[in-house]
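Here is how names work: the chains are called A, B, and so on, in the same order as the sequence lines, proteins then strands, and each is numbered from 1.
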Amino acid sequence: MNTKTQTKPEIASKQKIHISGAEAVVRCLLEEGADLIYGYPGGAIMPVYDELYKYQDKINHVLTRHEQGATHAAQGFARATGKVGVAIATSGPGATNLITGIADAQIDSTPMVCITGQVASHLLGSDAFQETDIVGISTPVTKWNYQITKASEIPEIFAKAFYLAKSGRPGPVLIDITKDAQFETFDFEYEKCSSVRSYKAKPEVSLEDVKSAASLINRAKKPMIVFGQGVILGQAEEEFRAFIEKADIPSAWTILGLSALPTDHELNVGMVGMHGNYAPNVLTNECDLLIAVGMRFDDRVTGDLSRYAKQAKIIHFEIDPAEIDKNVKADVAVLGDVKESLAQILPLINENKHDQWLEEFTKLEAIEFEKVKKEDLYPTKDGLTMGEVLKEINIASGGDAIIVSDVGQHQMFACRYAKFNKTKSNITSGGLGTMGFALPAAIGAKMGMPEREVVMIAGDGGYQMTIQELGTILQNKTAVKIVVLNNEFLGMVRQWQQLFFDKRYASTEMTNPDFVAIAKGYSIDAKRVTKREELASTVKEMMESKEAYFLEVCVEKENNVFPMIETGASVSDIRLE
Amino acid sequence: MENKQTYTVSIYTENNVGLLNRISGIFLRRHINIESMNISKSEIKSVSRFTLLVKVTESQIKKIIGQVEKQVEVIKAYYHTDENTVYQESCLFKLSSNLLTENDEIQTIINSSKSRVININKDFFVLEKSGAKEEIEELYHTLDQHGIMQFVRSGRIAITKDEMKISTLLSINN
Ligand SMILES: Cc1ncc(C[n+]2csc(CCOP(=O)(O)OP(=O)(O)O)c2C)c(N)n1
């Protein structure tokens, strides 16, 4: 296997113990500090579950109501804590139900280890009951995967899995274990993995590249930064802040970069991309230097590539060499962990002031406020807006909450308007755009960070994709705050139908159940708000509750999210109405 | 528009199962047809070498190599144009043994094409030929006139003219 292990003295002195593969799985999890995990049992993983029963004082296994819920909960846990999330499932349908969450974790670089049971090795390839080639199925959406057929492989494979999931650019790893390997006994010994021969977790930062970047930065008159999740994954928030403050560079964020820099920071100029803010999108095509930090120029960010920042020199700080020049050609690529590269560049950049340039952002921001934000946040019409709900949540939370959003219009409103003081506070499905992500992810986030307030925001569509996880909340008394913005539509799709398909609302209207009654059925405190007068007080009541709380806000049915960059349009063609 | 051309891709990997799936998936996602593929041992113990042939643009191949190298078990990947490699394909022809006795021309063809007979019995004989694709094709056309009973050709294998510092790379990584 060619993995190198780090031999900690206390581990090295450990005695070998003779145990089953199933017990070894549990012990591996404990060795890796994974004491809060999510899953769903079944025939092919029963030996492991039997051991989890034995070890329940050491490992808290949370039974979700669907395996997809287990992966999203593991993701929410990982995103909020920075640790590796773990999800377990049985073979066949249990394993395939994990796939959406794995694909989501892969594209959003979330560290996760998934464990699936598999039929006994003598049955492999025979279409046995609940046999599915989960290693084959998950290959395109995992950072690494492996099928264990012998108990003795368990320690090394688990050590490698955790190391790969969390190191470098993180990602999901899947381990499939045949049932006979779970029963088989062997001499167990555990050593953590510290390197894999063919794998380089992160490139070393080249001082030469850092110098070239610094010289471009020092010469730029109108520099601008777009930062992504790399800042959060690299735990580089402080280095990043020091860097932008010294050089005085306006900084915009991608949806996954959100919360790495406090919303109120004077250099925070908002979100880029399809529903991002007016100023950073338009000025992308006016800056003379675009500095990308831990972001990957996703097509939702860049719009038409042939009209994206063509006038600007580009510096790309990035951990993954495959991202360099993938979509946008960099003039200087600084490979490596941004925590290291930003620390290295700090002494080489000049203290600077770009007041005039910042003024341009402020001017465009004022236009956006007049044309869009004012009506979103302080509506003059009767119907409730998604924006004002966010505003009330900000007031009640003071910007200290973790906001977990689902996918749709409400997601864009949440990202545009939620206020964040702390990092790792915006949890959403960015790359895959998975409806149904929010409820289980919020459960994972709350369990991982019980001392923090976790507010989930979903639409009436996405909420119903994983609504069964209310059962997980009931069983575990997880104090998440659930906000459903009900417009009785698959709102985001309806918006596109309105704008680009002549208002032909094909299959986007929703007849919804009594959400409040459903929540109450799960013993969750619940309220429905239909009038503006009730909004602030109910949001406050929700935030002050020490328990789970469900809030349905009936919002205007046909509101749209603006600004908007149409597919194929340039960032500077961003529409305000 | 950038021109497409034939590239030989050499990928050094750990000798583990499942990698073929991962690597071919990268080409599949981009709708790139792999023209030929060969997987074998390399000069380094426990390290395998994939040699594949694709027709793409240079910017495409660069991005693909990046994605390939990103796979955990891939040690290093390279791409080369035909000018920078020494390459061969190998093929086998099954022909009727009557040709050897009844047709004088066949011996001349065998000699001039630098192919060799590797198996012979009363019904058929097997001719082996290694060389560039064009040479093999030429021989195919010549023999086709006499009736080919079976034909099979291997993927390209190639050695690069530049050094590939895999051993150094492995010792640094370790
Ligand atoms: C699993 C999945 N299926 C379909 C989609 C396509 N999609 C994107 S947004 C959206 C509508 C979301 O509606 P809703 O959850 O009610 O939220 P709203 O847009 O109204 O805020 C749909 C169907 C998706 N992103 N994910």
**Message:** Taking ring-ring contact (aromatic ring centres under 6.0 Å, His included) as the definition, give me every residue that meets it alongside A:Phe158, ordered by chain and number, with sequence neighbours left out.
**Reply:** none

**Asked** Hey, what's the ring geometry for A:Phe297 with A:Tyr308, parallel, tilted or perpendicular (30° and 60° as the breaks)?
**Response** perpendicular

**Asked** Does A:Glu323 pair with A:Arg296 as a salt bridge, N-O distance under 4.0 Å?
**Response** no

**Item:** For chain A, which residues of residues 49-67 of chain B have heavy atoms nearer than 4.5 angstrom
**Value:** B:Lys63, B:Gly66, B:Gln67

**Item:** Flag if over 12 foreign heavy atoms under 6.0 Å of CD, B:Gln150
**Value:** no

**Request:** Compare all side-chain heavy atoms of A:Tyr199 with those of A:Lys160 and state whether any distance is below 4.5 angstrom.
**Result:** no

**Request:** With sequence neighbours excluded, tell me which residues meet side chain to side chain donor-acceptor pair (under 3.5 Å) with B:Ser130.
**Result:** B:Ser90, B:Glu128

**Asked** Is the backbone N or O of A:Arg169 less than 3.5 Å from a side-chain atom of A:Lys143, with the two atoms forming a donor-acceptor pair by type?
**Response** yes

**Item:** Toward chain A, the part of B:Val74 with a non-hydrogen atom under 4.5 Å
**Value:** backbone

**Prompt:** Given the options A:Leu164, A:Asp320, A:Ile324, which has more heavy-atom pairs under 4.5 Å with chain B than any of the others?
**Reply:** A:Asp320

**Asked** Is A:Glu208 atom CD crowded by more than 12 heavy atoms from other residues, nucleotides or ligands, each under 6.0 Å away?
**Response** no

**Item:** Part of residues 19-40 of chain B lying next to chain A, heavy-atom separation under 4.5 Å
**Value:** B:Asn21, B:Arg22

